[in-house]
Structures are given as C-alpha cells and as structure tokens.
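One structure below.
Worth saying up front: this structure is predicted, and the values here are computed from it rather than measured. Computed over heavy atoms, backbone and side chain alike; hydrogens, waters and symmetry mates excluded.
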Amino acid sequence: MPRSAPMSLTQELVDLCFREEADPGLPPSWTPLTDEDYVLLTDRLSAEIGDEPLWIFAYGSLIWKPGFESVASKRATIYGWHRSFSLKIERGRGSPAQPGLMMMLSRGGRCDGVIYRVADAEKREQIEKALRREVSNKDSLSSMRWLQVRTPEGETVKSLVFWVGGSSQRIVKPLLPLDEVAPILARACGHRGSCAEYLYNTVVHLAEFGIRDRNLWRLQEMVAEEIRALRAQKPVAADA
C-alpha cells in the first residue's frame, strides 16, 4: 500500500463509536496518589534531571493532548520498546461493562514518537502537571522511567517516559494480536470518548511529524472494518 493512501478509519466512523457513558469513578482496588505523593515524586524527578534539559517522550495521546507546557518538540526514537495496546481500562475510554485498551510501551522493537522540551525555569511545575495527567494511583508508579532516545540528527537525549513496562495489574499479558485488539477498540467507549477516537487521533497526529507506525496503520484499517460490520448488524427501525 502506498504511503499516500488515505486512512480507512475516518472521523465519521469514529463518531459512530461515541455514546454517553457515566463516569464510574476510581476502581475500589486503586490507591490514589495524594497531593503529598505528587510533591514527593516531583521532588525525586527534579533531582534526577538536575541541570540537564527536561524532555518528555510522547508516543500516544501526549502528542496531541500533553497536559503540560513545552518550548520545543522534535521526532525521536526509543529502541528496545514498541507501542502495544496492553493497558486495560474501565474508565475514561472504556467502562466496566465494555473495557477498553490504551497504549503503553512493551519490550522489543522500536518506537518513533515525539519529545517535548520543558522550559528550564518551569521543570518542577511541568513535571507535576505531567505526573497528574499520567500517574493517578500507586499501581502506575512502576511504569514511569527515564530512557535514552535518539533524534534523527543522531543526538541521544534523556527523556521521561510514562507507561513503559512496569508491573501494573492492568497490563494485559501476553500481548494481544491485532485481530483481538481491533474488536475491543471498535466497541469500547467511556465518559471521555472512545478507544477508536484515541487510535484515530494518535495516527493523525503522528502523521503530522512524518511518522507512520506499521502496526497502528494496520490496526486502524481493522478497526474501520469492525465498525462498518457492527453498523451493518444494527437493526433498522420500522417506519411509524
């Protein structure tokens, strides 16, 4: 398929996945982080980066909805990790009745994404903003780490990465094949939107940086097919 081929997953198909869902709230098994926890985490990460530039690596929704402020961005690659829809969610873009999947980084391969540089004078403030967006409970702490990323110019940059590996009970193991991921993404929706919308936005915004992830591209085709099939199965209401 030529690289200029249009996406199969369109905004119109994504819109078909939306439905109103109530926020079920935090799962009872979660131990939410307190304000004091965020302060301590911010202290730790600020000390670890010290006087070095602070870069944050984005590979999914952080690209198009970072939640923190930056002064520069560029393409970058992490080697030894790849995108996978391996994080089970029952809130946000999924529900207890129809759980969804979000992306994380799993071992092996490579991941092309974007790094965002934080202003030197705002490191602490922006670290806490990023933490509050990405880390909501103690189950998430093992998935946050510093990794070396490589820019197209050959520069190696230390970057903060969220949801990379870890021991969270929400991580689905072993990795699901794409033909099992696609039906989940085509059906899951929560109070913040659908998993199909999440996939669509990620592929579209990666393209703005000239990035085309092979697995995501195949997945958007499969999710589009799944949505069309679901639509065709819906009964047509009889005329009054």
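Judged by distance alone, with hydrogens and angles left aside, the side-chain atoms of His82 form a donor-acceptor pair with the main-chain N or O of Gly108 at under 3.5 Å. Distance alone, capped at 3.5 Å, is enough to place a donor-acceptor pair between the Ser143 side chain and the Ser140 backbone. Under a 3.5 Å cut-off, the side chain of Tyr38 and the backbone N or O of Val135 do form a donor-acceptor pair. For the pair Gln220 (side chain) and Trp217 (backbone), a donor-acceptor distance under 3.5 Å is present. Under the 3.5 Å distance criterion, the side-chain polar atoms of Arg75 are left unmatched by any main-chain donor or acceptor of Thr151.
Hydrophobic clustering (side-chain heavy atoms under 4.5 Å, transitive across Ile, Leu, Val, Met, Phe, Trp, Tyr) keeps Trp30 apart from Val172. Placement of Leu175 and Leu216 in two distinct hydrophobic clusters is found when ILVMFWY residues are connected by side-chain heavy-atom separations under 4.5 Å, directly or transitively. Clustering ILVMFWY residues whenever any of their side-chain heavy atoms sit less than 4.5 angstrom apart, transitively, puts Leu141 in the very cluster that holds Leu131.
Heavy atoms only, all atoms of each residue included: Pro53 and Asp120 are closest at CA-OD1, 4.4 Å. Across all non-hydrogen atoms, the minimal contact from His191 to Ala22 is CB-C, 4.2 Å. What you find for Lys123 and Asp51 is that their closest heavy atoms are NZ-C, 3.5 Å. Across all their heavy atoms, Pro99 and Lys88 have their closest contact at CB-CE, 3.8 Å. Residues Leu219 and Leu178 share a closest heavy-atom pair of CD1-O, 3.9 Å. Closest approach of Gly166 and Lys173 over heavy atoms only: O-NZ, 4.1 Å.
The shortest side-chain heavy-atom distance between Leu9 and Val14 falls under the 4.5 Å cut-off. Put simply, the side chain of Met104 does not reach to within 4.5 Å of the side chain of Val164, judged on heavy atoms. Between Glu134 and Met144 the shortest side-chain heavy-atom distance does not fall below 4.5 Å. Asn137 has its side chain out of reach of Leu26: every pair of non-hydrogen atoms, C-beta onward, lies at least 4.5 Å apart. Within the 4.5 Å cutoff, the side chain of Ile78 has heavy atoms near those of the Val149 side chain. Contact check for Leu101 versus Leu176: side-chain heavy atoms found under the 4.5 Å cut-off. The shortest distance between side-chain heavy atoms of Ile184 and Phe85 does not fall below 4.5 Å.
Each of Ile227, Leu185, Val223 was checked for a side chain to side chain contact (heavy atoms under 4.5 Å, CB included) with Cys17, and the lone residue meeting it is Ile227.
Expressed to the nearest 0.5 Å, how far OG of Ser84 lies from CG of Asn215 amounts to 9.5 Å. Note: Ile127 CD1 to Thr42 OG1 = 6.5 Å, rounded to the nearest 0.5 Å. The line from CE of Met103 to CG of Leu87 is 11.0 Å long, rounded to the nearest 0.5 Å. Tyr59 contributes atom OH, which lies 14.5 Å from atom CG of Asp112 (distance to the nearest 0.5 angstrom). Between the CH2 atom of Trp55 and the CD1 atom of Ile115 there is a distance of 4.5 Å, given to the nearest 0.5 Å. Interatomic distance, Ser136 OG to Leu33 CG, rounded to the nearest 0.5 Å: 7.0 Å.
A salt bridge does not link Glu128 to Arg124: none of the charged nitrogens lies less than 4.0 Å from a carboxylate oxygen. Salt-bridge formation is not detected for the pair Glu225/Arg228: no Lys NZ or Arg NE/NH1/NH2 atom is positioned less than 4.0 Å from an Asp or Glu carboxylate oxygen. With respect to Arg132 and Asp35, a salt bridge is recorded, a charged nitrogen being found less than 4.0 Å from a carboxylate O.
Under 3.5 Å, the side chains of Thr77 and Arg150 contain no donor-acceptor pair of N or O atoms. A side-chain N or O of Ser168 and one of Asp139 form a donor-acceptor pair less than 3.5 Å apart. With 3.5 Å as the limit, one finds no donor-acceptor pair spanning the side chains of Ser46 and Asp43.
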* Could you go through the side chain to side chain contact (heavy atoms under 4.5 Å, CB included) check for Phe57 and Trp146 one step at a time? => CA-CA 9 Å; Phe57 183 78; Trp146 299 99; over 6 Å; no
* Asked: Step by step, would you call Met222 with Val181 a side chain to side chain contact (heavy atoms under 4.5 Å, CB included)?
  -> CA-CA 9 Å; Met222 297 171 73; Val181 172; over 6 Å; no
* To do: Would you check, one step at a time, whether the test salt bridge (charged side-chain N to carboxylate O under 4.0 Å, His left out) holds for Arg93 with Glu197?
  => CA-CA 9 Å; Arg93 295 185 182 273; Glu197 180 186 41; 2.7 Å; yes
* To do: Run the numbers on Leu45 and Leu160 for side chain to side chain contact (heavy atoms under 4.5 Å, CB included), then give the verdict.
  => CA-CA 9 Å; Leu45 293 173; Leu160 181 61; 4.2 Å; yes
* To do: Just do the side chain to side chain contact (heavy atoms under 4.5 Å, CB included) check on Leu54 and Arg117 with the steps written out, would you?
  => CA-CA 6 Å; Leu54 172 60; Arg117 180 167 178 171; over 6 Å; no
Which pairs of donor and acceptor atoms, one on a side chain in residues 60-74, lie under 3.5 Å apart (sequence neighbours left out)?
| from | atom 1 | to | atom 2 | distance (Å) |
| --- | --- | --- | --- | --- |
| Ser61 | OG | Arg133 | NH2 | 3.0 |
| Glu69 | OE2 | Lys129 | NZ | 3.3 |

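Annotation for Glu36: atom CD does not count as buried by contact number, only 12 or fewer foreign heavy atoms lying within 6.0 Å. In Arg19, the CZ atom is crowded: over 12 heavy atoms of neighbouring residues, nucleotides or ligands sit closer than 6.0 Å.
Pairs passing the salt bridge (charged side-chain N to carboxylate O under 4.0 Å, His left out) check and including a residue from residues 176-193, sequence neighbours excluded, read Arg187-Glu226.
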